Amino acid sequence: MLDPKLIRTELNAVAERLKIRNVELNVAHIQSLESARKEIQTRTEEMLAKRNARSKMIGKAKSAGQDIQPLLDDIDDMGAQLAQSKQQLDAIQEELNKELLAIPNLPHESVPPGDSDADNVEVDRWGDPRDFDFVPKDHVDLGALHGSMDFETSAKLSGSRFVILHGQIARLQRALTQFMLDVHTREHGYQEVYVPYLVKAESLLGTGQLPKFAEDQFKIAGENELYLIPTAEVPVTNIARDEIIEEDRLPLRYVCHTPCFRSEAGSYGKDTRGMIRQHQFEKVELVQLVRPDDSWQAHAELTGHAEVILQKLGLPYRVVNLCAGDLGFSAAKTLDLEVWLPGQQTYREISSCSNYLDFQARRMQARWRNSATGKPELLHTLNGSGLAVGRTLIALLENYQMADGSVRLPQVLHPYMHGDSIINVG
RNA sequence: GGAGGGGUGGCAGAGCGGUUGAAUGCACUGGUCUUGAAAACCAGCGUACCGAAGGGUACCCAGGGUUCGAAUCCCUGCCCCUCCGCCA
């Protein structure tokens, strides 16, 4: 959520800035709501003040032992009027709040203009795509060759966009997860957390998936309103919801491995082949809660932490600055890491590292105590994949395949594979 | 699933329906004292909204209700705790 003060005082400037996202703010509507709110609130509070003063007088008279009956007789009935005024105020505040919750974050000045991923700007590139002396297969063909990536049986169990992994490939996914967690906890100073995979609507509201993107979430049946998490970002960031964190505990750096569940509504026909876009996938997520002054520095560091994984695995990638049109709802800026996939001859997103500034923190009331002012102030929140495990698995298979379909594993993974250096076919 | 007990400021913890935004302690900030620190003492110390200001309004888990007046009484919901049962 944007600062309501900003909406009140700089509405036109906010609307102007949001145009870069192709978001058209209904300025007139918000302005009329706001001025109505002001008027009704003032009127309501005046009535309340009158009522309070009167009641206080009765209380004084009574404690002084005076007869309060004349005072009671004198009271005109303003109850109905007050109730009506209160109701109007509630209604208008609710509507105003609804409007505010639907406004996306303001893009940072370094965010390039543009409408789609075609307008994203490459800012860095690491590693050279390997030269193959044979035609590299994609991960689906490789998986089939190994007999350990099964989309037919998973479809029988659960429908499309699921997978069953077997044997060494299943183990490789687990190895990658352990490897990533170890690097981030041992080398980058993150604390490992384990969190619930089902969350309340409030938590999704806090990070910005609700109310606008309800159709992207899996909501479970049952008496409790719970959702499967689309990313560990939701439970981990919400740890700080309604909390005031002491300054000496900052920055908080969490790393968390969870499955992620996405309905992928609206992506029909997109990435239907293989493991690129699944309803369920594994991810290792980095989350940081920092002092506002530190968030851009933290964003650069966090992105670097995700890059380290790709570098250690020897996977070529590029860094892309998302254009305004491709930027997520809550983010002020996002750097995507895109890994090279020889089977597709293209770079594909494997990590998304975002700074949300105080946008999520305001929704969640996640605060810290500023020792300079002594006051609680909003935190800045950030997160990034470190990395998407399923896509890393794909990238490894495709980049390290050999002519016969076997896969040579990078050194760093050998300990996690019980010393195996190659995944052989058959 | 059964039976009880709770949700009050950063924390702990009081609070006959009336001058309570809320005692007290801790923590925190400033001051006195001290070479310095500790201790002691004094003072200050919630959040949000409206207003140029004086000031006003709201908030004691949430939502309703009773009342001239609700942290305090009633109802509903949510959450937590204890005991019993069941269970990976």
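Each chain gets a letter, A, B and so on, in the order its sequence line appears, and its residues count up from 1. Predicted, not measured: the structure shown is a model, and the values here were computed from it.
- Within the nucleic acid shown, A:I244 comes within 4.0 Å of sugar-phosphate atoms alone, with no base atom in reach, counting heavy atoms only.
- We find that CD1 of A:I40 is positioned 17 Å from C1' of B:A58, with the value rounded to whole Å.
- Salt bridge status for A:E246 with A:R249: absent, with no side-chain N to carboxylate O gap under 4.0 Å.
- The partner of B:G36, taking Watson-Crick or G-U wobble pairs whose two distances both stay under 3.5 Å, does not exist in any strand shown.
- Distance check on atom P: B:G15 versus B:G6 gives 12 Å, rounded to whole Å.
- Atom CG of A:L378 and atom P of B:A48 are 9 Å apart (whole Å).
- The pair A:E95-A:K98 does not count as a salt bridge, with every side-chain nitrogen at least 4.0 angstrom from each carboxylate oxygen.
- Annotation: proximity of residues 27-38 of chain A to RNA chain B (heavy atom, distance under 4.0 Å) is found for A:R37, A:K38, numbered in ascending order.
- With C1' as the reference atom, B:G17 and B:G65 are 15 Å apart, rounded to whole Å.
- Nearer the 5' end of RNA chain B, as judged by each residue's closest nucleotide, is the contact made by A:E246, out of A:A53 and A:E246.
- Between the CE atom of A:M47 and the P atom of B:G69 there is a distance of 14 Å, rounded to whole Å.
- Across all strands shown, B:G25 is found opposite B:C11 as a Watson-Crick or G-U wobble partner, with both distances under 3.5 Å.
- In this structure, A:E46 places its CD atom 12 Å from C1' of B:G55, rounding to the nearest Å.
- The existence of a salt bridge linking A:R291 and A:E247 is confirmed by a sub-4.0 Å separation between a basic side-chain nitrogen and an acidic carboxylate oxygen.
- One C1' atom belongs to B:G69, the other to B:U20, and the distance between them is 13 Å to the nearest Å.
- Atom CG of A:D242 and atom C1' of B:C79 are 13 Å apart (whole Å).
- Rounded to whole Å, atom C1' of B:U47 lies 16 Å from atom CD of A:E243.
- With a 3.5 Å ceiling on both atom-pair distances, the Watson-Crick or G-U wobble partner of B:A48 is B:U57.
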**OP:** Using the salt bridge (charged side-chain N to carboxylate O under 4.0 Å, His left out) rule, take A:E377 and A:R369 through it: C-alpha gap first, then chi angles, then the decisive distance, then the call.
**Re:** CA-CA 6 Å; A:E377 296 172 14; A:R369 190 172 292 282; over 6 Å; no
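- Within the structure, a side-chain polar atom (N or O) of A:R8 is placed less than 4.0 Å from OP1 or OP2 of B:C50.
- Using N1 to N3 plus N6-O4 or O6-N4 for Watson-Crick, or N1-O2 and O6-N3 for G-U wobble, each under 3.5 Å, B:G30 pairs with B:C42.
- As the counterpart of B:G17, no nucleotide is assigned, since no Watson-Crick or G-U wobble pattern has both distances under 3.5 Å.
- An OP1 or OP2 oxygen of B:U47 is reached within less than 4.0 angstrom by a side-chain nitrogen or oxygen of A:K375.
- Note on A:R348 versus A:D271: salt bridge recorded, some NZ/NE/NH1/NH2 to OD/OE distance being below 4.0 Å.
- Side chain of A:T42, nearest nucleotide from B:A58, B:C50, B:C68: B:C50.
- Rounded to the nearest Å, the gap between the P atom of B:C61 and that of B:C11 is 13 Å.
- OP1 or OP2 of B:A58 lies within a sub-4.0 Å distance of a side-chain N or O belonging to A:N52.
- Across the protein-nucleic acid pair, A:Q365 atom CD and B:C61 atom C1' stand 16 Å apart, rounded to whole Å.
- Salt bridge status for A:E202 with A:R241: present, with a side-chain N to carboxylate O gap under 4.0 Å.
- Residues A:S55 and A:N52 bring no donor and acceptor atom of their side chains to less than 3.5 Å of each other.
- Within the shown strands, nothing qualifies as a pairing partner of B:G69 under the Watson-Crick or G-U definition with both distances less than 3.5 Å.
- The same atom, P, is picked in B:U8 and in B:A88; the two are 36 Å apart, to the nearest Å.
- Taking atom C1' on both B:U66 and B:C73, the two are 8 Å apart, rounded to the nearest angstrom.
- With a 3.5 Å ceiling on both atom-pair distances, the Watson-Crick or G-U wobble partner of B:G1 is B:C84.
- Checked against the 6.0 Å centroid threshold, A:H257 and A:Y194 do not count as a close aromatic pair.
- A salt bridge is defined here as a Lys NZ or Arg NE, NH1 or NH2 lying under 4.0 Å from an Asp or Glu carboxylate O, and A:E301 with A:R253 meets this definition.
- Separating the NZ atom of A:K200 from the C1' atom of B:G77 is a distance of 12 Å, rounded to the nearest angstrom.
- Straight-line distance between the P atoms of B:C60 and B:U72: roughly 8 Å, to the nearest whole Å.
- Between A:E264 and A:R277 there is a salt bridge, since a side-chain N of the basic residue sits under 4.0 Å from a carboxylate O of the acidic one.
- A salt bridge between A:D242 and A:R367 is absent, with no side-chain N of the basic residue lying under 4.0 Å from a carboxylate O of the acidic one.
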Enumerate all atom pairs, one protein N or O and one N or O from nucleotides 65-67 of chain B, separated by less than 3.5 Å.
none

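- At a threshold of 4.0 Å, the pair A:E187-A:K312 counts as salt-bridged, since one of the basic side-chain nitrogens sits closer than that to a carboxylate oxygen.
- Look at the C1' atom in both B:G9 and B:G21: the space between them is 9 Å, to the nearest Å.
- Checking B:C49, B:G21, B:U47 against the side-chain heavy atoms of A:P376 singles out B:U47 as nearest.
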